[in-house]
Amino acid sequence: EAQVTQNPRYLITVTGKKLTVTCSQNMNHEYMSWYRQDPGLGLRQIYYSMNVEVTDKGDVPEGYKVSRKEKRNFPLILESPSPNQTSLYFCASSLSQGGRGYEQYFGPGTRLTVT
Amino acid sequence: GQQVMQIPQYQHVQEGEDFTTYCNSSTTLSNIQWYKQRPGGHPVFLIQLVKSGEVKKQKRLTFQFGEAKKNSSLHITATQTTDVGTYFCARHGRGSNYKLTFGKGTLLTVNP
């Protein structure tokens with residue numbers, strides 16, 4: 001089944017404790033991205049990746065890192081989480097051409113709480 | 001800039017009434033995508049519009065792209081309780097900008 005998976009689905013952590021949220025897709029998509037969703041603010045793109053070893057900032061990249069060492073995986077790293085990073089996070093992937101013109105497939109989401 | 005303004009933010013209707021959400025941009029759009037997110041779920045792609053003045057239909061849903069490619073709308077005829085959710089429009093950046101920017105969404109609730 002074609003899908004985007006994220007782990008963990010729920011995470012409660014403390015300020016400053018490094019964490020990684022994994023994202024994997026099995027559709028051989030080139031374009032992958034991370035979004036955060038907050039009430040009243042909609043979906044905001046954090047980082048995106050056009051292909052392996054190619055990443056770029058979205059609209060809200062501060063406090064986040066990403067890597068794209070393999071085509072199928074695109075982990076989101078919070079080196080020192082802070083409470084303002086409490087949010088619902090979605091990973092998404094789409095076919096080539098930078099995702100432009102192709103539908104995004106979203107993962108199920110990761111609910112992160114930073115205390 | 002690359003923002004898209006979406007209105008209204010909320011819409012509550014009686015089942016059977018029609019519903020429309022609008023997406024507006026100050027700059028010309030190369031394309032516009034629409035997504036639906038059910039409560040507790042993840043966004044799901046509905047459609048993409050590319051051509052000026054384009055109109056596409058999916059059963060009770062009608063999508064339009066403005067002639068100037070600066071606005072788009074999603075209209076639902078005779079809403080049903082299964083239409084409940086948040087509807088988002090999204091635009092890609094232009095040129096070498098491959099960001100995808102979403103509107104803030106319209107939350108639709110339907111009273112049975």
Side-chain angles (χ1 to χ4, degrees), chain A residues 2-6 9-10 21 23 25 27 29-51 54-61 66 68 74 87-111, chain B residues 1-10 21-25 28-51 54 56 58 63 65 69 72 85-108:
Chain A
Q3 61 182 349
V4 179
T5 56
Q6 294 178 228
R9 295 289 313 280
Y10 303 90
V21 184
C23 173
Q25 50 92 6
M27 296 169 279
H29 284 170
E30 291 185 355
Y31 186 90
M32 296 186 74
S33 58
W34 277 100
Y35 301 86
R36 61 178 289 173
Q37 185 171 31
D38 303 288
L41 297 178
L43 287 152
R44 293 179 293 168
Q45 193 175 47
I46 303 170
Y47 270 95
Y48 63 91
S49 169
M50 299 269 287
N51 212 326
V54 181
T55 63
D56 210 343
K57 296 177 181 178
D59 289 319
V60 288
V66 292
R68 188 91 181 272
F74 190 45
S87 188
L88 177 59
Y89 291 86
F90 288 102
C91 179
S93 72
S94 68
L95 210 48
S96 58
Q97 295 186 11
R100 188 178 290 156
Y102 292 92
E103 68 179 277
Q104 302 277 310
Y105 291 81
F106 283 81
T110 295
R111 174 77 64 183
Chain B
Q2 302 289 328
Q3 289 185 340
V4 283
M5 304 301 295
Q6 201 171 343
I7 54 171
Q9 191 174 0
Y10 306 98
T21 174
Y22 301 90
C23 187
N24 299 302
S25 171
T28 304
L29 302 165
S30 55
N31 61 35
I32 193 84
Q33 296 182 339
W34 285 94
Y35 292 79
K36 176 184 178 182
Q37 183 179 21
R38 294 182 186 275
H42 58 275
V44 174
F45 176 82
L46 293 176
I47 209 160
Q48 175 173 269
L49 304 173
V50 178
K51 299 177 183 176
E54 190 170 15
K56 287 189 176 180
Q58 291 178 352
F63 303 85
F65 203 8
K69 299 183 74 174
S72 180
T86 301
Y87 293 84
F88 294 97
C89 62
R91 65 166 296 172
H92 278 101
R94 300 181 72 85
S96 60
N97 178 356
Y98 291 93
K99 289 183 193 177
L100 182 62
T101 301
F102 281 77
K104 292 184 179 180
T106 297
L107 172 60
L108 171 66

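Every chain is numbered from 1 and lettered A, B, ... according to where its sequence line falls, protein lines coming before strand lines.
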Requested in this report: For Phe106(A) and Phe45(B), run ring-ring contact (aromatic ring centres under 6.0 Å, His included): C-alpha distance rounded to whole Å, both residues' side-chain angles, the deciding distance at 0.1 Å, then the answer.
Outcome: CA-CA 9 Å; Phe106(A) 283 81; Phe45(B) 176 82; over 10 Å; no

Query raised in the report: Heavy-atom distance under 4.5 Å between the side chains of Lys99(B) and Tyr47(A), does that happen here?
Result: no

Query - Close side-chain approach of Phe90(A) and His42(B), heavy atoms under 4.5 Å - result: yes

Report task. Could you tell me which residues satisfy salt bridge (Lys or Arg N to Asp or Glu O under 4.0 Å) with Arg44(A), sequence neighbours excluded, listed by chain and number? Result -> Asp38(A)

Query raised in the report: Is there a side-chain contact between Phe102(B) and Tyr35(A), using heavy atoms and a 4.5 Å cut-off?
Result: yes

**Report entry** Validation row: Phe88(B), Gln37(A) side chains within 4.5 angstrom (heavy atoms)
**Finding:** yes

Report task. Could you check which of Gly107(A), Gly109(A), Pro108(A) has the highest count of heavy-atom pairs closer than 4.5 Å to chain B? Result -> Gly107(A)

Query raised in the report: Is chain A contacted by the side chain of Gln9(B), its backbone, both, or neither, given a heavy-atom distance below 4.5 Å?
Result: side chain

Query - OH on Tyr102(A) to CG on Leu100(B), rounded to 0.5 Å - result: 15.0 Å

Requested in this report: For Met27(A), look at atom CE and say whether over 12 heavy atoms of other residues, nucleotides or ligands are found less than 6.0 Å away.
Outcome: yes

Report task. Give, for atom CG of Leu43(A) and atom NZ of Lys104(B), the distance between the pair rounded to the nearest 0.5 Å. Result -> 12.5 Å

